[in-house]
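First up is the structure itself, then whatever we jot down about it.
Note that this is a predicted model, so its numbers are computed, not measured. Order of the sequence lines sets the chain letters (A, B, ...), proteins ahead of strands, with each chain counted from 1.
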There are 2 protein chains.
Amino acid sequence: MTTHRTDPIQLPVSDAIVLAPGVALQGTRRRFVRNEEVFGEGEAADHLYRVVAGVVRTIRFSCDGRRQILAFHFPGDVFGLEAGPRHGYAAEAVTDASVAVVRRSMIETAAARDPLAAQGLLRLVTSHLTQSQEHVLVLGRKGAGERVAAFLLQLADRVRPDIDLPMSRADIADYLALTIETVSRAFTQMERDQAIDLPTSRHVVLRNRGALEQLQAA
Amino acid sequence: MTTHRTDPIQLPVSDAIVLAPGVALQGTRRRFVRNEEVFGEGEAADHLYRVVAGVVRTIRFSCDGRRQILAFHFPGDVFGLEAGPRHGYAAEAVTDASVAVVRRSMIETAAARDPLAAQGLLRLVTSHLTQSQEHVLVLGRKGAGERVAAFLLQLADRVRPDIDLPMSRADIADYLALTIETVSRAFTQMERDQAIDLPTSRHVVLRNRGALEQLQAA
DNA sequence: CGCTCGATTGAGCCGCGTCAAAGTGCGTGG
DNA sequence: CCACGCACTTTGACGCGGCTCAATCGAGCG
């Protein structure tokens, strides 16, 4: 999970990748329909991507074919950065999405030329690392209810108590390493506890944030 | 887990941090005894560290105080890189350890001056990110036996079928998000299956690598 | 209106955590 | 050198949380 804007009023997100104030790389825009692959695991990693509109997930498959979602990427978020020449994970559109694409070589020359760009790039990857470590902590040390509560709080992040989930129960389950049934039960339980409202399965209203925070506290 | 050398013949590891060929930063050496804290969660993050000898773990605590080990760092590995001004996790010596320390400001000026240094730094963080994502996959999608098998294979990594575990069962458990009992049972089971030998609890001999790899395959 | 896909709910089971009790190795001091 | 103590590991019995399997429900859409 990279940022967590489900803004009804979308910030204007251009199709440039901004590495630092004053350092922006113009990209070409590509559109993807729901569940379309942006890039596949093992493909050459010679582009960098930025979500303009919609939501994108990055995923890996374990040897036996079970899916693990590594992160959800919201408008403004950058994804696709890799150490090696090939992608170690795949990316897919969660919703219809618009994505800005920049050649990796462009990034690299910009970073080589401008220290500020290099610094911005580093900051980007470092923040992804921090988020991945948080993910490890959640999967390692939290129970089912706690994971779902933490997930909702991440999405709500700011004052907004109203969340329009862009992803299915299956996506949530594969992100939190649970089953759809368990996620569903967690939602129902939280509704029963007056912590949230569920007008529809994709629409969550935070009714009692304190209760959620307590629930989340592993 | 950053690298996985349990080399009996330790490579000579100097107390410099090498960001790129030709770009090395001299650090000061500090020694730590077993279980000593290298830095704490929340402390100012104005140093970068490199293991010279011994093993270091980075850890986070969940709200209820349960420990999650994020990574083990072996000689040559760099750790302590952070996005923000403060450490989001702590670091402790697993064994008596010798660590090279470099001021963060030194790193930053080197990266600002030399694009190769910046590139090396980026590569470093990116590889940490890849490893953290692998960790997510293991915790999310593997059962107990599979986790332990994957852990051992990581440690053995090369041809060396002989592993001298530098860490306790408790450390392994907190890295794999299991309990010491479950880790212990996994070891005994693997021994029963002729996959490994356990001359002592800290000494593992890989007897049947194929079996381990099959076990690891979730 | 009926089909289909996603979400919910229930029943039963199993893997791993919990609790408790030995067992093992190592360092220390007598 | 041996005896003791302590920390770590192993092993067993048992319970519970989350997975599996299965049925039902509900919403969007042709």
Side-chain angles (χ1 to χ4, degrees), chain A residues 33-35 62 64-68 94-96 138-152 163-193 196-204 215-216 218, chain B residues 33-35 57 62 64-68 94-96 138-152 163-193 196-204 215 218:
Chain A
V33 301
R34 206 163 78 94
N35 293 327
S62 93
D64 69 337
R66 293 171 64 113
R67 186 176 76 147
Q68 175 66 51
V94 174
T95 63
D96 290 355
V138 169
L139 299 196
R141 294 291 167 224
K142 283 180 198 284
E146 298 157 358
R147 294 186 203 183
V148 175
F151 177 73
L152 287 179
I163 310 175
D164 232 325
L165 295 175
M167 72 286 286
S168 67
R169 295 286 183 270
D171 280 332
I172 299 173
D174 284 352
Y175 178 67
L176 298 177
L178 299 168
T179 59
I180 48 177
E181 293 93 334
T182 302
V183 172
S184 182
R185 280 185 253 267
F187 273 119
T188 332
Q189 186 56 47
M190 285 161 65
E191 193 178 24
R192 214 172 275 132
D193 298 345
I196 60 168
D197 272 357
L198 272 173
T200 81
S201 69
R202 292 294 187 106
H203 192 202
V204 183
L215 229 175
Q216 169 221 217
Chain B
V33 300
R34 209 163 77 95
N35 292 327
R57 59 180 174 248
S62 92
D64 68 338
R66 295 172 65 115
R67 186 176 77 147
Q68 175 67 49
V94 173
T95 63
D96 290 355
V138 169
L139 298 195
R141 294 291 165 224
K142 284 181 197 283
E146 298 156 359
R147 293 186 205 185
V148 175
F151 177 73
L152 287 179
I163 310 175
D164 232 327
L165 295 175
M167 71 286 287
S168 67
R169 295 285 184 269
D171 280 332
I172 299 174
D174 284 353
Y175 178 68
L176 298 177
L178 300 167
T179 60
I180 49 178
E181 293 93 332
T182 301
V183 172
S184 182
R185 280 186 252 267
F187 273 118
T188 354
Q189 186 57 46
M190 284 160 65
E191 193 180 23
R192 215 173 276 134
D193 298 346
I196 59 170
D197 272 356
L198 273 173
T200 80
S201 69
R202 292 292 188 109
H203 191 200
V204 183
L215 228 175

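- The main-chain N or O of Y175(B) is never found under 3.5 Å from a side-chain atom of R57(B) such that the two would form a donor-acceptor pair.
- Using a 4.5 Å heavy-atom threshold, the side chains of L176(B) and T182(B) count as separate.
- Whole-Å rounding puts the R141(A) CZ to dG17(D) P distance at 17 Å.
- Across all strands shown, R147(A) has no heavy atoms under 4.0 Å from either base or sugar-phosphate atoms.
- Formation of a donor-acceptor pair under 3.5 Å by the D96(A) side chain with backbone atoms of V33(A) is not found in this model.
- A donor-acceptor distance shorter than 3.5 angstrom exists from the side chain of R202(B) to the backbone of P166(B), with no hydrogens or angles considered.
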(request) Using a 4.0 Å heavy-atom cut-off, write out nucleotides 5-11 of chain D from 5' to 3' as B (base contacted by protein), S (sugar-phosphate only) or - (no contact). (result) ----SBB

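- Using a 4.0 Å heavy-atom distance criterion, A177(B) is classed as a sugar-phosphate-only contact.
- Taking side-chain N and O atoms only, T179(A) has a distance below 4.0 Å to OP1 or OP2 of dC19(D).
- Side-chain atoms of F187(B) and V204(B), non-hydrogen and from C-beta on, do get closer than 4.5 Å to each other.
- Contact check for E146(B) versus D64(A): no side-chain heavy atoms found under the 4.5 Å cut-off.
- A straight line from CD of Q189(A) to C1' of dT8(C) spans 14 Å, rounded to a whole angstrom.
- Between L139(B) atom CG and dG18(D) atom P there is a gap of 16 Å when expressed in whole angstrom units.
- Using a cutoff of 4.0 Å between basic side-chain nitrogens and carboxylate oxygens, R141(B) and D174(A) are scored as salt-bridged.
- Summarising the geometry, the separation between CG on L176(B) and P on dC16(C) is reported as 12 Å, rounded to the nearest angstrom.
- The line from CZ of R192(A) to CZ of R185(A) is 10.5 Å long, rounded to the nearest 0.5 Å.
- Atoms CD (E191(A)) and C1' (dT9(C)) sit 14 Å apart, rounded to a whole Å.
- The nearest whole Å value for the distance from the NZ atom in K142(B) to the P atom in dC19(D) is 17 Å.
- Taking 4.5 Å as the limit, every side-chain heavy atom of I163(B) sits out of range of all side-chain heavy atoms of I196(B).
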What's touching nucleotides 26-29 of chain D from the protein side, N or O pairs under 3.5 Å?
none

